[in-house]
Every structure is written in C-alpha cells, then in structure tokens.
Number of protein chains: 2
Amino acid sequence: MSPRRSSTEAGQTRAAILARGVEVASVEGLEGLTIGRLAADLGLSKSGLLGHFGSKEALQLAVVDAAAERFFRETATDEVGISPGLPRLRAMCEAWISHVEREVFPGGCFFTAAASEYDDRNGPVRDAVAGLVGLWERDLRLHVRLAVADGDLPAGTDPDQVVFELVGHMLALNHALRLHRDPGATFRARRAIDSRLASPRASLPTNRAMSPVVTSGDHRATSPA
Amino acid sequence: MSPRRSSTEAGQTRAAILARGVEVASVEGLEGLTIGRLAADLGLSKSGLLGHFGSKEALQLAVVDAAAERFFRETATDEVGISPGLPRLRAMCEAWISHVEREVFPGGCFFTAAASEYDDRNGPVRDAVAGLVGLWERDLRLHVRLAVADGDLPAGTDPDQVVFELVGHMLALNHALRLHRDPGATFRARRAIDSRLASPRASLPTNRAMSPVVTSGDHRATSPA
DNA sequence: CCTACCGATCGGTAGG
DNA sequence: CCTACCGATCGGTAGG
C-alpha cells in the first residue's frame with residue numbers, strides 16, 4: 001500500500017534512514033549497522049531501504065557523510081564572530097567537548113569510534129573516515145599556526161605537536177566518558193586544553209599590554225619559526 | 001583421524017586458538033572474531049574449536065585475558081630495577097609506546113580497539129575490558145602519586161589529571177599510527193609525555209642538588225596535597 | 001516502495 | 001577432536 005513514493009517523499013525517507021543510521025552506527029559500529037535491522041527500525045523492507053543506496057558499503061559511506069555534516073554543524077565556530085587563531089582554537093576544542101557532553105551522537109564521538117573500527121582496514125569507508133578526521137585536524141592546525149603568528153602561542157611552537165596533544169585530550173575525554181562513564185573527565189579535558197593553550201603573555205602582563213587585540217581576519221604570519 | 005587428544009595436546013591447541021584469536025581480534029575486533037573463520041585459520045572444525053570454550057562470549061573473554069597477559073608481559077617494568085615513582089612512570093609510558101611501535105598486536109593497542117568497540121555495550125566482555133584498562137590506569141596513578149611524594153612532580157599535582165593527559169597522549173599515538181599511518185607521531189608522543197613529566201627541579205638546579213636520589217621502595221607520601 | 005527469494009555465514013547442538 | 005546438522009540472519013537480486 002506504499003509503493004512508488006514521490007521524489008520529495010523519497011528524499012525524506014532517505015534522510016530518515018541516514019539519521020537513524022548515524023545513531024545506530026555511533027553505538028554499534030558501521031559494520032554492526034545491518035540493513036535488516038535498520039529497515040526494521042524504520043518500518044521498511046530490506047530491499048526498500050537498499051534501493052536508496054545500492055549496497056551496504058554505499059549506505060555506510062552515506063552514513064559517514066551524514067555524520068560529518070552533523071559533526072561540522074555542531075562544532076561550527078566560524079559564523080559567530082570568533083577571531084581566527086587562539087580564540088577559534090579554544091572555541092573548536094570547547095565545541096568538541098560540548099558535542100560529546102551533549103551526546104550529539106548517542107555513542108560519543110562518531111569519528112573516534114569509526115576511526116578505531118576502520119583504521120586497520122582498506123577501502124572507501126576507511127578513506128572517507130580518515131579524510132574527514134584529517135579535515136578537522138587540519139583546521140585545528142591552521143588556527144594553531146595563526147595563534148603562533150599572533151604571538152598567542154610561543155614562537156617556535158610546532159603546530160603538529162599542539163594538534164597531537166589537543167587531539168589526545170579529546171580522545172582521552174571520549175575514552176573516560178564512554179568506557180569509564182566518568183563525567184569528571186570533562187573538567188580534566190578542559191583543564192588539559194587550557195594549560196596546553198595557556199597564553200605565554202598571560203604571565204607576562206607587560207608584554208600583554210603591548211600586544212594588539214586581534215579582531216580582524218587578517219592573519220598573515222609576520223615571523224614564522 | 002585426530003580425535004580425543006591428550007590434555008597437554010588440548011592445552012596447546014587452546015593456546016594456539018587464543019594466540020590467533022588475539023591477532024584477529026586486534027585487527028577485526030572482538031565481534032569480527034568469528035568461530036568459523038578462526039577454526040579455518042587453524043585447521044579445526046567449528047565445533048572442535050567451540051568445545052574449548054563453550055560459547056562465543058566465553059571465547060571472547062578468553063581472548064581478552066590472553067591479550068591482557070601479553071600486554072602486561074610486554075609492558076612490565078617492575079622486574080628490571082626501575083625505581084617506583086617518576087622513573088617507573090616514564091618506563092611504563094615508554095613500554096607502552098614501544099609495544100605499539102613494535103606492533104606486538106598487529107592492529108595496534110588491543111585494548112584501545114576493544115574499549116572503543118565495547119564502550120557503549122553492557123555485559124561481561126565490556127566489564128573485562130574496562131577492568132583491565134582500569135588496572136593499567138590505576139598503576140599509572142600510583143606512580144604519579146609516588147612521583148609527587150618524591151618531589152619529582154610538583155606538590156599539589158592532581159594524579160587523575162596527569163593520568164588523563166598521559167592516556168590521551170597514548171591514545172593520540174595509536175590514533176595517528178593506525179588511522180593516519182604517521183610514524184612521526186611516535187616522536188610527538190615521546191615529546192608530549194616528556195614535557196608533561198618534566199621534573200620541576202630540572203630548571204631549579206639548586207633544589208635538585210639537595211633532593212635525595214630515590215632508589216629504595218619506601219614511598220610513603222610525606223606531604224600529600 | 002513491496003514480496004519472494006538466493007547462497008553464504010552466523011553461533012550453536014547432537015552424537016559420536 | 002570430528003561430521004552432520006539446526007534456525008537465524010547476513011548482503012543482495014528478481015520482478016513488479
């Protein structure tokens with residue numbers, strides 16, 4: 001009694017499949033996301049669901065993309081007037097913490113779970129996950145560089161080192177929250193990130209008073225290390 | 001032509017199953033470890049393999065225990081004359097780095113993968129994984145406390161905070177190594193750990209000269225915060 | 001979007 | 001430790 005829907009209805013169905021798929025995959029993994037289970041959750045037949053994607057792998061890729069869209073929307077910090085460089089870096093970290101704290105994905109960070117599940121495999125799903133995680137880390141690195149150029153992080157700071165450590169604090173938070181169910185870890189993550197990003201001028205008030213306040217978007221490095 | 005082996009032969013078979021099971025699970029996950037595949041790898045029948053454990057869950061628990069035995073053997077630092085406190089803490093971190101660098105488990109850190117796979121589930125496998133990870137972190141925390149008591153870390157240091165950050169650096173290393181296949185991360189992990197554990201007296205040589213060298217096992221905290 | 005089906009594989013059992 | 005089997009579920013297809 002429900003065959004051949006219109007294309008707008010089909011689009012809604014597809015969106016519903018992806019929304020549910022992201023939820024299920026964040027908890028059970030992208031491999032644990034089975035077509036039959038997902039179809040049953042949504043009151044569809046398996047072939048009805050599969051018709052939207054063609055194969056399980058295509059479904060997984062669509063779910064990864066939908067999760068990325070959600071993640072970047074929830075952690076967006078570029079539309080709220082936050083200056084590039086250290087302020088944006090702090091805001092990105094805080095947005096990440098917030099998104100696991102609010103359980104935007106019911107299983108914690110979607111990409112932490114997907115990365116761990118696929119990091120030892122090959123193929124399009126692994127590539128998609130690695131690429132999207134790389135985008136996030138590249139953005140962090142950009143703002144570390146700007147922070148150094150602004151003098152908000154010490155000259156000579158290695159951006160890759162800072163990103164490595166910030167990502168570590170995020171992974172540690174997801175780990176403590178999900179495995180140990182320890183909400184106190186949220187405080188520790190914020191503290192770790194704050195101390196890693198502590199401004200060198202915070203303890204040098206004379207220098208701080210002389211440094212220009214950054215409000216514009218002009219961020220050409222004047223003296224990179 | 002190979003029924004009813006002796007009990008020593010059965011023990012060897014069981015050990016071979018577990019050794020292979022740990023390898024497979026570290027790459028494919030504990031759920032991806034299927035009885036049929038494992039039996040085929042070892043030239044056994046499914047029921048022959050299952051006879052050693054009784055159920056898949058029992059097999060998974062035995063594999064987790066075997067992985068723990070392996071992990072704690074590979075990261076053991078208590079038999080080589082390394083003093084408790086900061087030296088042991090450093091040695092534990094270095095042993096952890098080394099075990100992922102050497103690929104003791106073909107998929108990187110077994111417990112990082114297992115934790116991520118099971119952290120949103122309930123049941124004995126999750127409990128076993130969480131308990132074993134907790135043991136490792138508890139041991140780290142013990143030596144952080146001793147390091148503080150020895151004056152090798154600043155008085156007032158929060159042990160949970162230090163363990164959180166050290167675990168983060170380990171997770172970040174596993175992440176970079178497995179997902180991004182970036183061997184340079186090993187250097188960054190060592191650097192991050194070194195700077196987190198930098199002795200406060202290293203930059204205060206006058207104090208350092210006055211502090212006793214720790215070689216004994218007597219580690220009662222004299223002035224905890 | 002459905003029903004009806006496919007071969008393959010899953011965990012597990014019976015019986016020896 | 002084996003063969004022989006079980007029902008359930010997997011991803012996927014045919015045909016409408």
Trainee: Could you give the CG-to-C1' distance, from Leu50(B) to dG11(C), as a whole number of Å?
Mentor: 7 Å
Trainee: Should the pair Arg141(A)-Glu137(A) be classified as a salt bridge under the 4.0 Å nitrogen-to-oxygen rule?
Mentor: no
Trainee: Could you check which of dA14(D), dG12(C), dT3(D) has an atom nearest any side-chain atom of Ser47(A)?
Mentor: dA14(D)
Trainee: When you measure from the side-chain N and O atoms of Ser45(B) to the phosphate of dC2(D), is any distance below 4.0 Å, counting only OP1 and OP2?
Mentor: yes
Trainee: Nearest-Å distance, CG (Leu38(B)) to P (dC10(C))?
Mentor: 11 Å
Trainee: Assess whether a salt bridge exists between Arg126(B) and Glu117(B), defined as any Lys/Arg side-chain N lying under 4.0 Å from an Asp/Glu carboxylate O.
Mentor: no
Trainee: What is the distance, to the nearest angstrom, from the CD atom on Gln60(A) to the P atom on dC10(D)?
Mentor: 14 Å
Trainee: Find the distance Glu31(A):CD to dT9(C):P and express it as a whole number of Å.
Mentor: 15 Å
Trainee: Go ahead and name the base partner of dC1(C); Watson-Crick or wobble counts if both distances stay under 3.5 Å, otherwise write none.
Mentor: dG16(D)
Trainee: Fit a plane to each ring of Phe71(B) and Trp136(B), take the angle between them on a 0 to 90° scale, and name the class: parallel (under 30°), tilted (30 to 60°) or perpendicular (over 60°).
Mentor: perpendicular
Trainee: Any ion pair linking Arg88(B) and Asp139(B) (charged N to carboxylate O, less than 4.0 Å)?
Mentor: no
Trainee: What is the distance, rounded to the nearest whole Å, between atom CD of Glu28(B) and atom C1' of dC10(C)?
Mentor: 15 Å
Trainee: Name the closest nucleotide to the His52(B) side chain, picking from dC1(D), dG11(D), dA14(C).
Mentor: dC1(D)
Trainee: Using Watson-Crick or G-U wobble geometry with both distances below 3.5 Å, tell me the partner of dG11(C), or none.
Mentor: dC6(D)
Trainee: Does any donor atom in the side chain of Glu94(A) or His99(A) lie under 3.5 Å from an acceptor atom in the other side chain?
Mentor: no
Trainee: Output the single nucleotide from dG11(C), dT13(D), dC1(D) whose closest atom is nearest the side chain of Thr13(B).
Mentor: dC1(D)
Trainee: Looking for any heavy atom pair under 4.0 Å, which part of the strands does Gly43(B) touch: base, sugar-phosphate only, or nothing?
Mentor: sugar-phosphate
Trainee: From the options dC2(D), dG11(D), dG11(C), select the nucleotide whose nearest atom is closest to the side chain of Lys46(B).
Mentor: dG11(C)
Trainee: Provide, to the nearest angstrom, the distance between the CG atom belonging to Leu49(B) and the P atom belonging to dT13(C).
Mentor: 14 Å
Trainee: Nearest whole Å is fine: how far is dG12(C) C1' from Leu59(B) CG?
Mentor: 13 Å
Trainee: Nearest whole angstrom, please: distance from the P of dT9(C) to the NZ of Lys56(B).
Mentor: 15 Å
